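This report refers to the structure that appears directly beneath it.
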Amino acid sequence: MLILAIETSCDDTSCAVLEVTGGARSPKFAVRSSVVSSQIKVHAPYGGVVPTLAAREHVKNLPIVFQKTMKKAHVKMKDIDFIAVTQGPGLAIALLVGIQFARGLAYAYGKKIIPVNHIAGHIFSNWLLDTHVKFPLLNIVVSGGHTELILMKRIGDYKILGATRDDAAGEAFDKVAKMLGLAYPGGPVISELAKEGNSEAYALPRPMIGSKDSDFSFSGLKTAVLYLLKKEPDIAKNKKKLADLCASFEQAVADVIIAKTLKAARLSKAKTVALSGGVSANTRLRKQLQETFKRELPHVTVLIPEKNLTTDNAVMIAISAFFNKKTARSWKKLDANANLTIEETS
Ligand code: KG4
Ligand code: ZN
């Protein structure tokens, strides 16, 4: 089976062709092609994603990305079995570009469309290499728009255990980077600088680390950095101090994410814990999450996606679509849903 997937929920225009063999119970996935066109340069001057510009770039780039993807996969539309497309959550006008493109292809070539929840997509980025995942599966999704602990008792059964009450983890990286005069997106820049820094140099808060619930809050941490910069404005200009602050900030975010995930894993008796979303590209978080579980809950399997599948991509949308085939529908019955929740996803 061949699935063509399209992802335009934020600032990456992406298509992929995924080949699935081996049947429904034991599928094997092979990425025939995957193309991601990043809009970073367009949004960087604004320090964040500008929705109207994102949509305009998707309109311009999607036909090119689609053609490159098909060419690299050596397939024609007649060979494709299903079209998968991100339905939401995301920026409404950005999602619409992918949805309308998918509808057009489905109409022209008589194909069915599988709508995919973007968060489910991130979750399934961990399933590319091995689909024999043991349940309960606890997902920690950390991206620019989301920070959520999601329990899966089986495929299609999602329960949000907790979420951020304010900023998402990636958003905190981006906002702190902006305060420090660093480029957008902040996550990769901060983590690169943090490599040379001392993570204990600045005492930053770990908001809600000990709270009983599974919620998160990152705005207080961001404000703590702001006050620190007001008190010591030379930090941003001093190479050593900047590296120390980046490392201290990154460690604070990682500590909260890891502590909350560990607690939720214990409470939910998870057999597998899976990290995903753009912030899962963070080396410190990847390493320390693995080390913590090895030490504290060694029987729990920890899944972490390959780095190229951490930020937005269409491969994860195709994998998720495979497990959601029963929702395949005609081009007439598809709309974007910018506020789609994971619990609405079957
Ligand atoms: O999943 P994603 O591509 O888009 C959303 O669905 O939001 O995540 C993008 C987010 C950005 O906030 C970016 O700063 C963050 O992921 N990010 C990182 C790293 N790479 C990307 N955060 C921390 N460390 C990284 N290495
Ligand atoms: Zn995402």
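Order of listing sets the numbers, starting from 1, for every ligand and every atom in it. Model, not experiment: these values are computed from the prediction.
- Looking at His58, its side chain does come within 3.5 Å of a backbone N or O of Cys10 through a donor-acceptor pair.
- Within the 4.0 Å heavy-atom cutoff, His122 counts among the residues contacting ligand 1.
- Of all the heavy atoms of Asn282, the ones lying under 4.0 Å from any atom of ligand 1 are found in both the backbone and the side chain.
- Cluster annotation: Val20 is connected to Val133 through the hydrophobic network of ILVMFWY side chains, with a link wherever side-chain heavy atoms come within less than 4.5 Å.
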Report, one line per pair, each donor and acceptor closer than 3.5 Å where one atom sits in a side chain of residues 115-122; sequence neighbours left out.
{"residue": "Asn117", "atom": "OD1", "partner": "Ile119", "partner atom": "N", "Å": "2.7"}
{"residue": "Asn117", "atom": "OD1", "partner": "Ala120", "partner atom": "N", "Å": "3.3"}
{"residue": "Asn117", "atom": "ND2", "partner": "Thr341", "partner atom": "O", "Å": "3.2"}
{"residue": "Asn117", "atom": "ND2", "partner": "Thr345", "partner atom": "OG1", "Å": "3.0"}
{"residue": "His118", "atom": "ND1", "partner": "Glu7", "partner atom": "OE1", "Å": "3.0"}
{"residue": "His118", "atom": "ND1", "partner": "Ser9", "partner atom": "OG", "Å": "3.3"}
{"residue": "His118", "atom": "NE2", "partner": "His122", "partner atom": "NE2", "Å": "3.1"}
{"residue": "His118", "atom": "NE2", "partner": "Asp312", "partner atom": "OD1", "Å": "3.1"}
{"residue": "His122", "atom": "NE2", "partner": "Asp312", "partner atom": "OD1", "Å": "3.1"}

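- Qualifying ring pair (Phe, Tyr, Trp, His ring centres under 6.0 Å) partners for Phe322, counting only residues two or more places apart in sequence or in other chains: Phe29.
- The shortest contact between atom 7 (O) of ligand 1 and any protein heavy atom is with Gly144 N, 2.8 Å.
- Under the 4.5 Å side-chain heavy-atom criterion for ILVMFWY residues, no single connected hydrophobic cluster contains both Ile99 and Leu91.
- Of the protein's heavy atoms, Gly278 O, 3.5 Å lies nearest to atom 17 (N) of ligand 1.
- Residue His118 touches ligand 1 through its side chain alone, judged by heavy-atom distances below 4.0 Å.
- Taken together through direct or relayed side-chain contacts under 4.5 Å among Ile, Leu, Val, Met, Phe, Trp and Tyr, Met152 and Leu128 form part of one hydrophobic cluster.
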Practice prompt. Verify side chain to side chain donor-acceptor pair (under 3.5 Å) between Ser33 and His74, making sure each step is shown before the conclusion.
Written response: CA-CA 9 Å; Ser33 65; His74 302 290; over 6 Å; no
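- Any N or O atom pair closer than 3.5 Å counts here, and Gly277 shares no such pair with ligand 1.
- Contacts with ligand 1 closer than 4.0 Å are made by side-chain heavy atoms of Ser191 only, the backbone lying farther away.
- Protein N/O/S atoms nearer than 2.8 Å to the Zn ion (ligand 2) total 3.
- The salt bridge (charged side-chain N to carboxylate O under 4.0 Å, His left out) test applied to Lys222 returns Asp167, not counting sequence neighbours.
- Within the 4.0 Å heavy-atom shell around ligand 1 one finds Gly145.
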